[in-house]
Structures are given as C-alpha cells and as structure tokens.
2 protein chains.
Amino acid sequence: MMQSNRLLSALSRKDHRHLVAACDEVDLGVGDSLWEPNERIRHVYFPLDCTISQLLPVDSHRILEMALIGNEGMLGVPLLLGVNTSMLQALIQQSGTALRMKTTSFRRELEHLPALRQLLHQYAHVLQEQLAQSMACISRHTLDLRLARLLLMTHDRVAGLGSFHVTHEALAQTLCVRRVGVTIAAGLLQKRKLLSYSRGDITILNRAGLEKASCRCYQASNDIYERVLA
Amino acid sequence: MMQSNRLLSALSRKDHRHLVAACDEVDLGVGDSLWEPNERIRHVYFPLDCTISQLLPVDSHRILEMALIGNEGMLGVPLLLGVNTSMLQALIQQSGTALRMKTTSFRRELEHLPALRQLLHQYAHVLQEQLAQSMACISRHTLDLRLARLLLMTHDRVAGLGSFHVTHEALAQTLCVRRVGVTIAAGLLQKRKLLSYSRGDITILNRAGLEKASCRCYQASNDIYERVLA
DNA sequence: ATCAGTCTGTGCAGCAACGAACATATCGCC
DNA sequence: GGCGATATGTTCGTTGCTGCACAGACTGAT
C-alpha cells in the first residue's frame with residue numbers, strides 16, 4: 001500500500017505529520033458513496049490506494065465521470081472554497097484506503113496552516129484545468145482513445161503491479177457509453193497486445209503502447225498537474 | 001450599458017466603491033484576446049456588458065468553449081488560487097466594456113478584503129460546477145439543444161433588447177462543430193419562430209420557447225449560480 | 001455436476017454529426 | 001451598377017455511436 005497521499009507529502013514534514021494525525025485511515029469498497037449530491041459534506045478524503053470518481057447525472061439513467069481522484073489528489077475542494085455541498089456524487093471506483101478528515105477539523109487546519117491553503121488552492125486550479133481538458137476530450141475524441149486514457153489514469157492511481165479490477169459495464173458507465181462500445185474498443189486494445197483481461201481483471205501489458213493508443217489528453221492532464229504542483 | 005458588475009455588486013457599498021476605484025473601465029472589441037494560454041496573467045476583468053469566452057484548443061484546428069463569462073462573473077479565478085497563468089485563452093465574444101484590474105492590485109485587494117476573498121471563492125466553486133454541467137451537456141446533448149443554450153446564455157449576458165451579433169461560423173467555432181450544423185439547427189429554431197437572424201444579427205423572438213427548446217443544462221447552470229451566490 | 005448469475009461477444013437498423021464541395025444571397029465599396 | 005467579401009443554404013457519401021436483441025463463456029454455490 002502507498003505510504004501516504006502525494007498531495008499531503010508536498011507539505012513540510014511537520015505539517016504533514018500534524019495533518020495525518022488529524023485524519024482517520026478508512027477502508028473503502030467499490031461503490032461506496034462518499035458524497036451524495038447536494039447533501040452536506042461531512043468529510044474530506046485523501047486517497048492512499050483507492051480511486052474516487054466524481055459523477056454527475058446526465059439524464060435519468062446515465063451518469064458521467066467528471067474527475068478521477070487517487071493518491072495524487074483530494075476529495076474536498078468545495079470546502080476549501082467555503083461551500084459545504086457539491087452537486088457531484090463521489091463513489092469509490094477502486095477499493096482501498098484513504099485518509100479521512102472531518103469537515104470541522106479540515107476548516108480548522110486550513111485556518112492554521114497557510115501552506116496547506118496554498119497547496120490546495122493550487123490543486124483546485126489543477127482540477128479546474130483538468131476538467132477543461134476532459135471536456136475537450138469528451139467532445140471530440142473517439143471511444144477507443146478515451147478508454148485508453150481512462151485505463152491509464154486508473155493504472156496510475158492504483159498501487160501496484162499493473163492489474164486491477166473493472167468490468168466493461170463499469171467502464172461504460174463512467175465513460176457514459178454503451179457497454180457494447182467498451183467491449184469492442186477493449187477488444188481492439190487486447191488484439192494489439194496492450195492489455196489483457198478476463199471477467200474484469202485487467203492487466204496492462206504495454207504501458208508505452210497504451211499511451212500511444214490514447215489521446216494527448218492523458219499526457220496533457222498529467223502536465224497540468226506537474227506544472228502547478230511539482 | 002450595465003451600471004456595474006453583478007459579482008462586485010454583492011459586496012458592501014464601501015468595498016464595492018473601493019474596488020471599482022481600483023479598476024480601469026476598458027472598451028473591448030470582438031476577438032480581442034485578454035489572456036494568451038500559459039502566459040503571465042496581467043489583468044483580471046469584471047465584464048459590464050461584454051462577454052468573454054474561455055477556450056481550449058482541442059486539436060490543431062479547433063477550439064472549444066469552456067465557459068462564457070459576462071456581467072455575472074469575473075475572468076481571474078487562477079489568480080485567486082495563487083496561480084498566475086491559465087492554459088485557457090480568453091477572447092471577447094460580444095464587444096462592450098469591462099472593469100479591469102492589474103494583477104498586483106487584485107492581489108492586494110484580496111489580502112485586505114476578506115469579503116472579496118469569500119465571494120470569489122464561492123464564484124470559483126460555481127465555475128467548477130458549471131464546467132461539470134457543460135461537460136455533461138457536450139457529452140450527450142444534440143447540437144440543436146446546445147445551440148439554444150448558447151444563445152440563451154449570450155442573451156442573458158448582453159445588455160439590452162434581445163438582439164446581438166454573431167455569425168453561424170462563430171457559433172460553430174465555440175460549439176466546436178461544423179458551420180453547416182449550426183446553419184441547420186438555427187434554421188429549425190427560426191422556423192419555429194423562436195428567433196430571427198440575418199447575416200449575424202440575431203433577435204430572440206420567444207425566450208420562453210427557446211428555453212423549452214434547449215436542454216435542462218441551461219436552467220441547471222443558472223441554478224448553480226443562484227444557489228451559491230444569491 | 002448443475003444451475004443461476006455474471007461477464008463478454010456479435011449482428012442489425014437507425015441517427016447525429018462529419019468532411020468536402022458547391023450554390024445562392026446579401027452587404028459595403030469603388 | 002458591378003465586384004469582392006461575407007454569410008447562409010443544400011447535397012452526398014461516410015463514420016461513430018445508439019438501442020435492441022440474443023448468443024456464448026466463465027464462475028461460484030449448492
């Protein structure tokens with residue numbers, strides 16, 4: 001398991017220790033709902049080795065993934081901005097552990113730690129630009145490119161050895177397309193020996209190849225993060 | 001012309017006067033570039049009766065509009081978050097006037113006016129949620145719905161009497177579709193007597209009808225603003 | 001060993017938007 | 001009144017995804 005959260009690790013050792021002490025470490029399973037839309041936010045989360053999907057309903061039956069948060073980020077930007085609800089739902093996409101802090105504690109820490117404020121402000125900016133990048137991607141890029149990108153992003157955010165669990169159906173939901181579309185796109189990626197899967201167990205075989213098979217948005221999104229936070 | 005900027009008007013009269021005094025009032029023409037991607041941000045803008053488009057290149061030839069800022073908003077969130085560049089380009093979409101403040105002044109005001117900080121933080125949150133809403137819209141809604149929405153948004157943000165100037169070509173660029181697509185969609189709206197246009201002069205004839213012809217995203221986007229800032 | 005549940009694969013008609021090319025219409029200007 | 005520039009309208013074949021329906025494959029529980 002990851003030692004800590006990458007965002008928090010950017011703080012001084014002292015601040016970092018202090019914050020981790022103010023958190024609980026919690027186990028989270030696939031499908032757990034951390035935030036319900038427009039309900040009061042009770043906790044912020046710093047993922048260790050889980051991934052969190054932020055989702056918005058598109059119509060009565062469909063949802064679309066707006067952001068995928070893992071070890072590199074935090075679920076909690078609205079609180080940072082002085083708003084205590086979010087229209088986005090937050091669901092666990094890959095099970096694992098996260099550091100969790102109560103809203104009240106988070107507010108207190110923000111007041112006392114200017115470095116934390118600055119860091120999270122920058123992170124909020126990164127999220128906004130990544131959202132813009134995803135918007136462009138969704139608007140113009142075909143399903144195979146977007147699927148490759150999603151798999152790469154998941155792979156980055158999951159601790160370990162290049163394999164994780166997610167079904168075509170789940171991928172289709174987060175991409176907001178038919179399951180059949182994912183099956184076909186994934187079939188092509190598998191034919192090109194970039195990955196292998198069976199019944200939801202996906203293994204990345206050729207990361208470099210998969211990056212070539214995805215759109216520039218993957219790299220662009222990483223660049224946004226590095227430019228501001230590294 | 002609009003008296004002032006709606007966002008600034010939410011401040012106390014004293015703060016409001018103080019801020020307006022720290023701004024220049026500038027005339028802006030269609031196509032003027034206020035921010036170039038990844039260049040140092042020199043000014044923030046509070047539109048009076050112009051509209052500002054925030055754009056991201058999708059590929060070498062195309063751009064996509066991420067946000068449309070008018071009297072209700074501000075161009076300058078990255079500075080608020082402590083980042084002095086933005087990957088998004090900012091172009092004037094509808095000519096008019098805006099209040100302009102230098103980066104250094106803006107930073108100073110932010111430090112001295114907690115109410116301004118809080119207000120703009122909330123605005124940053126609104127922008128983020130509106131971006132998410134637009135993402136859903138772009139992902140699943142057809143061109144006619146999106147066009148109606150764009151026209152409504154422009155109409156809201158432009159001072160005056162229900163008519164403004166924008167060609168099919170310009171609309172196509174901000175929606176990131178073919179001009180022909182806009183021509184067809186706009187033709188349908190005109191046939192339904194919701195609007196009329198000739199050579200770029202668009203007049204909204206039936207606002208209620210146009211709202212029905214657009215997707216829920218229009219109302220949702222307004223609701224986000226009202227919920228947080230009103 | 002069987003069966004119910006889950007996951008993946010295939011086929012088909014339909015539709016929105018695409019790229020490219022071309023046709024008309026309207027404006028300002030000399 | 002004629003001309004170039006700008007704006008809108010039409011057509012045609014193609015593509016990427018849709019909704020629907022169904023078939024096959026694998027897994028775990030009894």
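The chains referred to below are lettered A, B, ... by the order of the sequence lines, with proteins before strands, and numbering in each begins at 1. Excluded from the calculations below are hydrogen atoms, water molecules and symmetry mates; all remaining heavy atoms, backbone and side chain alike, are included.
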Item to check | B:Asn222 vs B:Glu226, side-chain hydrogen bond (donor to acceptor under 3.5 Å, both in side chains): CA-CA, chis, key distance, verdict | outcome: CA-CA 6 Å; B:Asn222 284 350; B:Glu226 299 299 334; over 6 Å; no
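- For the residue pair A:Glu65 / A:Ser53, a side-chain donor-acceptor distance below 3.5 Å is found, with atom types taken as modelled.
- Atom CZ in B:Arg179 sits about 15 Å away from atom P in C:dA25, given to the nearest Å.
- Just one of B:Glu129, B:Arg146, B:Arg149 meets the side-chain hydrogen bond (donor to acceptor under 3.5 Å, both in side chains) condition when paired with B:Ser134; it is B:Arg149.
- Residue contacts shown for A:Gly181 are absent, as no nucleic acid heavy atom lies under 4.0 Å away.
- For C:dG19, the OP1/OP2 oxygens have a side-chain nitrogen or oxygen of B:Arg62 closer than 4.0 Å.
- Nucleic acid contact for B:Gly187: none, since no nucleic acid atom lies under 4.0 Å from a heavy atom of the residue.
- For A:Arg199 and C:dA4, the CZ to C1' distance is 12 Å, given to the nearest whole Å.
- Base engagement by B:Val180 is indicated by at least one non-hydrogen atom pair under 4.0 Å involving a base atom.
- Between B:Arg140 atom CZ and C:dC15 atom C1' there is a gap of 13 Å when expressed in whole angstrom units.
- Taking atom NE2 of B:His61 as the reference point, atom C1' of C:dC18 lies 15 Å away to the nearest angstrom.
- Residues B:Leu151 and B:Leu147 form a side-chain contact, since some pair of their non-hydrogen atoms from C-beta on lies under 4.5 Å apart.
- Counting to the nearest Å, the P atom of C:dT8 and the NZ atom of A:Lys191 are 16 Å from each other.
- For the pair B:Leu175 CG and C:dA16 P, the interatomic distance rounds to 17 Å; values are reported in whole Å.
- Among the heavy atoms of the strands, none lies under 4.0 Å from B:Ile184.
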Distance-only donor-acceptor hits, side chain of residues 192-201 of chain B, under 3.5 Å, sequence neighbours excluded:
from     : atom 1 : to       : atom 2 : distance (Å)
B:Tyr197 : OH     : B:His168 : NE2    : 3.3
B:Asp201 : OD1    : B:His165 : ND1    : 2.8

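- Interface limits on DNA chain D: the 5'-most and 3'-most nucleotides within less than 4.0 Å of chain A heavy atoms are D:dG16 to D:dT27.
- Of the side-chain N and O atoms in B:Arg178, none sit less than 4.0 angstrom from OP1 or OP2 of C:dA20.
- Ring geometry for A:Phe164 versus A:His155: interplanar angle under 30°, hence parallel rather than tilted (30 to 60°).
- Side chains of A:Pro78 and A:Ile41 form a contact here, defined as non-hydrogen atoms less than 4.5 Å apart.
- For the pair A:Glu169 CD and C:dC7 C1', the interatomic distance rounds to 10 Å; values are reported in whole Å.
- Closest approach to the B:Asp144 side chain among C:dA17, C:dC27, C:dT8 is made by C:dA17 (side chain taken as heavy atoms from C-beta onward).
- Look at CG on A:Asp201: it is 13 Å from C1' on C:dT6, rounded to the nearest Å.
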